[in-house]
Amino acid sequence: MSKATAYYEKKSKRERRANLATYIVLIFMVLIINIPFLQMIMTSFKTRAEAMSSTNFFPSRLSFENFEMVLMRTNFSTNIINSFIVSIVVTVACIMFSVMAGYAISRFKGRVFNAYTTFMLVLQLFPGVLMLIPLFVIMRNLNLIDKLPSVMLAYTATNLPFSIWLLKGFFNSIPFDIEQAGMIDGCSQFGTFWRLVLPISMPGVSTVAIFTFINAWCEFTVASILLRSDGVMTITVGLQKFVQQYTQDWPALMAASTLSSLPTLIFLMIAQKYLVQGMGAGSVKG
Amino acid sequence: MSDQKRKKKKYETSLLNNKPLGYMMLIPASLMILLISCYPLINGILLSFQNYNLLKPKKQGFAGLANYIKAFSDSEFWGVLGFTFFYTICVVVMAYIVGMVLAMLLNRDIKGRGLFRALALVPWIIPPAVAAVNWSWLFNDQVGLLNTLLKQLPWVNKSILFVAEPQMARFTVIWTSAWKSFPFMMITLLAGLQAIPGELYEAAEIDGASFVHRFRYITIPQLSSVSTVCTTLMFIWTFNNLENIYLLTRGGPNQSTFVLSILTYYTAFMRSDIGYASAISTILLVVLVIVMMFYVRVVDKQAQEV
């Protein structure tokens with residue numbers, strides 16, 4: 001008895017010391033990891049003169065001149081609006097298509113559905129550059145080059161496999177009993193899906209929505225090829241153009257970058273749980 | 001238990017009757033995927049057997065294996081292929097180590113775990129275009145923070161050209177890509193760690209096993225399948241990725257940071273040699289298919305175990 005108490009006392013003491021060490025290492029690592037990002041925010045609030053001369057990490061006083069310059073005197077605000085339009089349309093389209101397909105491969109058994117599941121997994125892994133060239137040709141034939149619908153179509157298609165895969169896993173965890181009950185009450189199967197299964201699948205749908213939005217918001221390669229004039233550029237392409245145009249205006253560039261990362265940061269703050277769930281879904285659940 | 005199973009089976013058979021509904025629900029997504037993903041992929045492979053150069057419109061036509069022969073006899077291609085492998089393996093290993101350390105720290109029962117986890121996710125969540133701008137500001141040779149700090153050291157007397165000097169640029173892109181990739185490793189490994197039953201560690205501790213022993217004989221074996229899946233996925237993603245390097249260095253200086261995907265992009269859209277570019281990306285695909293077959297086998301095995 002006393003031996004056991006001594007063991008646990010010793011253990012809790014050691015535990016506390018280990019916790020302290022954990023905190024120290026974690027704080028140190030998180031700081032190092034976030035330095036590029038913190039420096040961007042700090043620089044964006046410095047005045048131009050201060051940013052280019054002083055090497056202090058923190059701004060001496062908060063200045064908004066860089067944000068003003070970016071939003072008023074460049075057409076970066078157009079890029080932000082474009083990115084919002086594209087990301088929202090892609091997210092809505094992707095959810096509509098993937099809930100149906102995900103439900104189908106989760107609930108119906110048969111060779112077609114099994115093959116489809118594997119196909120969705122494999123398709124996520126194909127190199128994007130391979131389809132870049134033909135995609136450009138297709139969009140040119142459809143007369144969509146330099147128009148926002150071109151990237152909307154491309155992003156929806158490239159995000160579908162992951163979304164379908166993720167939702168399939170989610171629907172798998174919902175018991176059949178729910179549909180059985182609905183069907184006994186006289187609902188068609190599509191009706192049970194629409195009125196019973198979908199409403200309780202909102203966490204899965206939210207995960208897909210957040211992932212699709214972030215992917216569409218962050219994508220650069222496809223946009224750089226399909227969107228070439230200023231009026232239609234999304235933020236990632238706009239930011240690259242900004243780099244070339246205002247090479248030496250670092251503080252303004254930092255302000256533009258800060259604005260570009262805001263939406264994704266908001267998701268990180270309010271929906272971390274869904275993000276983590278989605279990141280795990282692709283690899284851990286089979 | 002068996003009664004429940006039989007019941008479940010009955011539900012499933014009742015759902016099987018409505019297969020046409022299942023097919024119909026697949027149609028919208030399939031149309032999008034076939035038109036915008038599959039058709040371009042197949043077309044891309046076909047283009048690799050064509051002479052198709054936008055600058056030489058008269059020479060168009062079937063080329064057989066000429067583009068592949070050109071690639072395999074080109075020292076530029078072999079150099080880029082070599083660096084692509086080196087780069088990918090370095091990034092995966094670095095991301096795995098950092099991800100593992102953070103996952104183990106976050107697996108401890110401490111307060112504020114969610115906050116630390118969120119802060120460690122920042123590199124993964126911000127757009128690659130923003131990350132590239134951040135790094136080039138940090139690496140700036142005149143007023144960049146890193147060079148300012150390094151110059152405080154007695155033996156550093158001039159700025160280090162992180163992205164302008166070829167050898168250095170290679171290490172820089174590996175470093176920045178690993179920085180962008182480790183959060184994924186961290187999250188998947190953390191999920192894996194949380195699935196290990198705590199009794200295993202308790203029993204080992206009472207038996208007097210040291211931390212190193214517990215790590216070697218419990219953590220590593222228990223994480224083996226999660227590790228395989230997440231390193232394979234990361235390998236494929238890094239091998240495919242264009243943005244992490246292109247946005248920071250554009251493949252330069254002097255093409256020292258070219259990887260296969262950048263070589264493809266550059267050949268197609270700067271040199272306008274579409275046939276040759278397609279051949280390079282098809283070779284990229286072949287390498288990935290081999291990795292993918294391995295991956296699908298692991299995932300299938302995992303699904304069977306569950």
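The analysis underlying the following values was restricted to heavy atoms, covering all of them including side chains, and did not include hydrogens, waters or symmetry mates. Letters A, B, ... are given to chains in the order of the sequence lines, protein chains preceding strands, and every chain is numbered from 1.
When heavy atoms are compared at a cutoff of 4.5 Å, B:Y246 approaches chain A solely by way of its side chain, counted from C-beta outward. Within the 4.5 angstrom heavy-atom criterion, no atom of A:A93 approaches chain B. With a 4.5 angstrom heavy-atom cutoff, B:N241 does not touch chain A via any of its atoms. Only the side chain of B:F269 comes within contact range of chain A, with at least one heavy atom under 4.5 Å from a heavy atom of that chain. For a residue to count as touching a neighbouring chain, one of its non-hydrogen atoms must lie under 4.5 Å from one of that chain's; by this rule B:V291 does not touch chain A. Of the atoms belonging to A:I27, heavy atoms from both backbone and side chain fall under 4.5 Å from chain B. Using a 4.5 Å cut-off between heavy atoms, B:R113 does not touch chain A at all. For A:L262, no part sits under 4.5 Å from any heavy atom of chain B, backbone or side chain. The parts of A:T221 that come within reach of chain B are both its backbone and its side chain, each placing non-hydrogen atoms under 4.5 angstrom from that chain. The contact between A:I33 and chain B is made by backbone and side chain atoms together, counting heavy-atom distances below 4.5 Å.
Ranked by heavy-atom pairs under 4.5 Å with chain B, the first of A:L31, A:V137, A:N19, A:T258 is A:N19. Taking A:F113, A:F267, A:W217 one by one and counting their heavy-atom pairs under 4.5 Å with chain B, the maximum is reached by A:F113. Counting heavy-atom pairs under 4.5 Å between each of B:L247, B:L190, B:L47 and chain A puts B:L247 at the top. Interface remark: of the candidates B:T264, B:T232, B:L138, B:L138 forms the most heavy-atom pairs closer than 4.5 Å to chain A. Chosen from B:A129, B:A131, B:C38, B:A118, the residue pairing most often with chain A at heavy-atom distances under 4.5 Å is B:A118. Counting heavy-atom pairs closer than 4.5 Å to chain B, the top-ranked of the candidates A:V243, A:L265, A:I138 is A:I138. If you tally non-hydrogen atom pairs under 4.5 Å between each of B:L121, B:N43, B:L145, B:V289 and chain A, the highest count goes to B:L145. Heavy-atom pairs under 4.5 Å with chain A were tallied for B:G114, B:A195, B:S48; the largest tally goes to B:G114. Heavy-atom pairs under 4.5 Å with chain A peak, among B:F239, B:F182, B:W237, at B:F182.
With 3.5 Å as the limit, one finds a donor-acceptor pair spanning the side chains of B:Y265 and A:S224.
Between A:L153 atom CG and B:M32 atom CE the span is 5.0 Å, to the nearest 0.5 Å. Rounding to the nearest 0.5 angstrom, the gap separating the CZ atom in A:F37 from the CD1 atom in B:I125 is 10.0 Å. Note that the CG atom of A:L132 and the OG atom of B:S281 stand 9.0 Å from one another [nearest 0.5 Å]. Here CZ of A:R107 is found 12.5 Å from CG of B:L21. Values are rounded to the nearest 0.5 Å. The OG atom of B:S30 sits 6.5 Å away from atom CE of A:M120, with the distance rounded to the nearest 0.5 Å. Atom CG of A:L123 is separated from atom OG of B:S37 by 5.5 Å, given to the nearest 0.5 angstrom.
Side-chain contact check for B:M25 versus A:F193: some heavy-atom pair is nearer than 4.5 Å. Looking at heavy atoms from C-beta onward, A:E219 lies in side-chain contact with B:E243 at the 4.5 angstrom threshold. Under the 4.5 Å side-chain criterion, counting only non-hydrogen atoms from C-beta, A:Y23 is in contact with B:K111. You'll find the side chain of A:F126 stays beyond 4.5 Å of the side chain of B:P40, heavy atoms only. Side-chain contact between A:M96 and B:P28 is absent, with no heavy atoms from C-beta onward closer than 4.5 Å. The side-chain heavy atoms of A:M29 and B:V98, taken from C-beta on, include a pair separated by under 4.5 Å. Counting only heavy atoms from C-beta outward, the side chains of B:W137 and A:L253 never approach each other to under 4.5 Å. When side chains are defined from C-beta on, A:V30 does not count as touching B:V122, because their heavy atoms never get closer than 4.5 Å.
Taking both residues in full, the closest heavy atoms of A:S257 and B:V133 are given as OG-CG1, 3.5 Å, listed atom of the first, atom of the second, then distance. Across A:P127 and B:L285, no two heavy atoms sit closer than the pair CD-CD1, 3.5 Å. When all heavy atoms are compared, the tightest approach of A:P134 to B:G44 is CG-N, 3.5 Å. Heavy atoms only, all atoms of each residue included: A:T264 and B:I126 are closest at OG1-CA, 4.3 Å. Looking at every heavy atom in both residues, B:P127 comes nearest to A:S260 through CG-O, 4.0 Å. The heavy-atom pair separating A:I164 from B:A29 by the smallest distance is CD1-CB, 3.9 Å.
When atom types are taken as modelled, the side chain of A:Q39 and the backbone of B:N134 share no donor-acceptor pair closer than 3.5 angstrom. Between the side chain of B:Y23 and the main chain of A:V112, no donor-acceptor pair closer than 3.5 Å is present. The closest donor-acceptor contact from the side chain of B:N240 to the backbone of A:G128 lies at 3.5 Å or more, if one exists at all.
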Could you walk me through whether B:I36 and A:T156 pass the side chain to side chain contact (heavy atoms under 4.5 Å, CB included) test, one step at a time?
CA-CA 9 Å; B:I36 313 287; A:T156 309; over 6 Å; no
May I have the step-by-step check of side chain to side chain contact (heavy atoms under 4.5 Å, CB included) for B:L26 and A:M100, ending in yes or no?
CA-CA 7 Å; B:L26 284 180; A:M100 287 198 281; over 6 Å; no
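Taking non-hydrogen atoms and a 4.5 Å limit, the residue list of residues 233-242 of chain A in contact with chain B, ordered by number, reads A:T236, A:L239, A:Q240.
Ring centroids of B:W124 and A:F211 are separated by less than 6.0 Å, placing the two rings close together.
Residues forming a side chain to side chain contact (heavy atoms under 4.5 Å, CB included) with A:T22 (at least two apart in sequence, or on another chain): A:L26, B:L105, B:R108, B:I110.
Applying side chain to side chain contact (heavy atoms under 4.5 Å, CB included) to A:L130 and the options B:L288, B:I45, B:I42, B:L284 leaves one that passes, B:I45.
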